[in-house]
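A quick write-up on the structure given underneath.
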Protein chains: 2
Amino acid sequence: MTVKIALLGFGTVASGVPFLLKENGEKINQSAHSEIEVAKVLVKDEDEKNRLLAAGNDFNFVTNVDDILSDQDITIVVELMGRIEPAKTFITRALEAGKHVVTANKDLLAVHGAELLEIAKEHNVALYYEAAVAGGIPILRTLANSLASDKITRVLGVVNGTSNFMMTKMVEEGWSYDDALAEAQRLGFAESDPTNDVDGIDAAYKMVILSQFAFGMKVAFDDVAHKGIRNITPEDVAVAQDLGYVVKLVGSIEETPSGIAAEVTPTFLPIAHPLASVNGVMNAVFVESIGIGESMYYGPGAGQKPTATSVVADIVRIVRRLNDGTIGKDFNEYSRDLVLANPEDVKANYYFSILAPDSKGQVLKLAEIFNAQDISFKQILQDGKEGDKARVVIITHKINKAQLENVSAELKKVSEFDLLNTFKVLGE
Amino acid sequence: MTVKIALLGFGTVASGVPFLLKENGEKINQSAHSEIEVAKVLVKDEDEKNRLLAAGNDFNFVTNVDDILSDQDITIVVELMGRIEPAKTFITRALEAGKHVVTANKDLLAVHGAELLEIAKEHNVALYYEAAVAGGIPILRTLANSLASDKITRVLGVVNGTSNFMMTKMVEEGWSYDDALAEAQRLGFAESDPTNDVDGIDAAYKMVILSQFAFGMKVAFDDVAHKGIRNITPEDVAVAQDLGYVVKLVGSIEETPSGIAAEVTPTFLPIAHPLASVNGVMNAVFVESIGIGESMYYGPGAGQKPTATSVVADIVRIVRRLNDGTIGKDFNEYSRDLVLANPEDVKANYYFSILAPDSKGQVLKLAEIFNAQDISFKQILQDGKEGDKARVVIITHKINKAQLENVSAELKKVSEFDLLNTFKVLGE
């Protein structure tokens, strides 16, 4: 039996799908127990169609999605257009037409995933999206299958390749944020408006999806606090290195006694931590659990072939299930009611970088402010001067989110102190 | 429905199974769609049974395997005794009795796996063994499922925790082999006879199993060349560091134009390679493929809870398939005829450490010997003296196995040269 699929969109990732089906056909067919054929490809208009045909692409290009949705021979629709619309409408209509859907669209899934999964369930069809988180890393299926036996306590992810490329330049070469961004844009890793990547929005979308697989809870995008890398200075990076840390943009989801907490924030990683050596555009998801303990899944977070590999893995899985007669099960079956953590239960060490008058008694004054919030210091150092001010760096013992907010507010009240940055610090 | 399982053996790993079933029961039951109950546990004799009962273990301990094999209520048998016999006989009889089997026994699977899988197939039952390779890392299922869409070109693994612990001490602390072994034995990581670990035998067993999942080929244990870490000296480790490498025991399987080649050997890893930061008893499997490109799977290679997590993941998968009515499929369905590579196609850079007379013209003489085998140098340095001899270190450009053997043989013919060590070097 040959299973016919249709691609919505024929950009970089989409063209990787026929590449894999051809180059790795023997193994894919053996695993799927069927041949898989790209029967139709939706493109924007006649111009794009003619351009693609002229470039030697030998596919049945169509410009109207109805040509795919009404085609009874097409079993699986693969959405690779990106953005919310018209992807959401097309996926909805495909599911309603009884077609299984594979997508890599994390923005859409993070915001409208629950709704789309509900539609898939109603129509007893599959909606798979392995490629939506960390591109080539098979993290979602691994969480759903292999870690079904384990109880996860925390997930830490370096899941945005653009910001990790920039942070690697800033850490290894001492570059400024602006220089790193310019280079990322020159290489095509960052868009002209880099907001989604550098402000942690893209990583927050991924935390939404990971929270469902790792904790069985549907955290809303708005419940993922996100803070990006824009304000990280060469001085922050340098002092981190002096203290044995590497700064990266890290997404985290953890289960506390009162519920789960997800956030994306620049984080000081101890240099020996496995995530600290994840460099350039590579991604990694680090999982802490009661069974395995610590495991990490590393690979490319984007790119044509890595993303297409995850997409084709989803297609193969759907075809297998069609052949087994077990289609219609959720991609992720782990589900619990969402309970968010109390801010008091979300604890971490924190780094504070503060400009203070270069005179005696300032450290004592700072100590009093921190002490009033019941925060003790793990490390404190005076690190250089800026004009007539001294730069004081503090790393605290574990504090909770309420303490973090309170002490930040208190510091801002003191006119001679200038709170430059606060970042999370991973450690005991 | 409750699915009843029996454990063969109640050592460290086995006792981790009821731990996970209890601590993570809700999630496991949700994923398996059934409750899972440890109905019987086989122990050696009445003494062990009484000791375990006295220690507060509340299980139905039996001392005769027939009590399990003839029990129609028991669906899954979990073998965690280790070694070849009686494990092989018990597994065979369990499969013949129509019971599904989960095991972590890599020695058994590497040597008798094909035979046991055949018996499982005949009786339409499952034989799963995720825990047999790299303990807590879900590498086998990931290769079988998520990487079904990808074509793997090379697998590199740090898969023996004991030797990796020792190498970490030798690299990071400059310890000798003997000191590292003594410490590993003191901590219980190495047995009193450490042969299996330090000579690469354990890692070679794992390459046998990985070759089936990654390349669909059943490489025999005897076809995995293995060389251990006994002869690595502090001088080798130090010069590796000077040249930007970390020495580790690495298993590799690669597909060449003529077939596949598997080996275990000390390897110089470039310091920025993800495997280079896998330290202590941790394991990692690094996969190169045409789709994803590079991915790595990192975690504990042994230990009670990590291994039990993989065992329970297998149990859950079997129960799911029982409920789906899809039981009896091979754990790994990827299968091709075995074709081993010609030695001429197996290429790598190599490190040579040679003692030579401390006099002029020796490097020229060495260059002539290497040149006669068509081997060119990437790096050469004179690195310290031993008595009246100088230590010459050479890193070659890519050479094949035949060249390696020939040049080693030629060097041994020259009485004034003493070939101390040759190790593989990862790189271009």
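Letters go in sequence order (proteins before strands), and every chain restarts at 1.
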Q: Report the option among A/T307, A/V316, A/I28 that has the most heavy-atom pairs separated by less than 4.5 Å from atoms of chain B.
A: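 Result: the option with the highest number of such pairs is A/I28.
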Q | Most chain B-contacting option - heavy-atom pairs closer than 4.5 Å, from A/G325, A/G293, A/P274 | A | A/P274
Q: Could you tell me whether the side chain of B/K27 and the main chain of A/I152 form a donor-acceptor pair under 3.5 Å?
A: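 Side chain of B/K27 to backbone of A/I152, a donor-acceptor pair under 3.5 Å: no, none is there.
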Q | Side-chain donor or acceptor of B/Q30 paired with backbone N/O of A/S335 under 3.5 Å | A |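 Yes, because the side chain of B/Q30 sits within donor-acceptor range (under 3.5 Å) of the backbone of A/S335.
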(Q) I'd like to know if A/E333 and B/R320 make a salt bridge, using a cut-off of under 4.0 Å between side-chain N and carboxylate O. (A) yes
Q. Is B/K329 paired with A/D324 through a side-chain N to carboxylate O contact shorter than 4.0 Å?
A.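 Answer for the salt bridge query: yes.
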Could you tell me which portion of [X] (side chain, backbone, both or neither) has an atom closer than 4.5 angstrom to a non-hydrogen atom of chain A?
X: B/A308; value: neither
X: B/Q304; value: neither
X: B/L21; value: neither

Neighbour count above 12 (heavy atom, 6.0 Å) for [X] [atom1]:
X: B/E173; atom1: CD; value: yes
X: B/E288; atom1: CD; value: yes
X: A/E37; atom1: CD; value: yes

Q) Just how far is it from atom CG of A/L275 to atom OG of B/S277, taken to the nearest 0.5 Å? A) 11.0 Å
Which heavy atom in [X] sits nearest to a heavy atom in [Y], and how many Å separate them?
X: A/K151; Y: B/E23; result: NZ-O, 2.9 Å
X: B/T309; Y: A/I292; result: OG1-N, 3.5 Å
X: A/V312; Y: B/S149; result: CG1-CB, 3.5 Å
X: B/K305; Y: A/I290; result: CD-O, 3.6 Å

Q.
Can you confirm whether the side chains of A/N145 and B/R141 place a donor and an acceptor under 3.5 Å from each other?
A. no
Q.
Quick check on the structure: residues of residues 132-139 of chain A within a heavy-atom distance below 4.5 Å of chain B, by number.
A.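 Result: A/G136, A/P138.
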Q. Considering only heavy atoms, which portion of A/P300 lies under 4.5 Å from any heavy atom of chain B: side chain, backbone, both, or neither?
A. both
Q.
Does any part of the side chain of A/Y334, heavy atoms only, come nearer than 4.5 Å to the side chain of B/S31, both counted from C-beta?
A.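 No, their side chains stay 4.5 Å or more apart.
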Q: Find out whether B/S295 and A/Y298 are in side-chain contact, i.e. whether some heavy atom of one side chain is under 4.5 Å from a heavy atom of the other.
A: no
Q: Select, from B/E26, B/M282, B/H33, B/R336, the one with the greatest count of heavy-atom pairs under 4.5 Å involving chain A.
A: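 With the most close heavy-atom pairs to chain A, the winner is B/H33.
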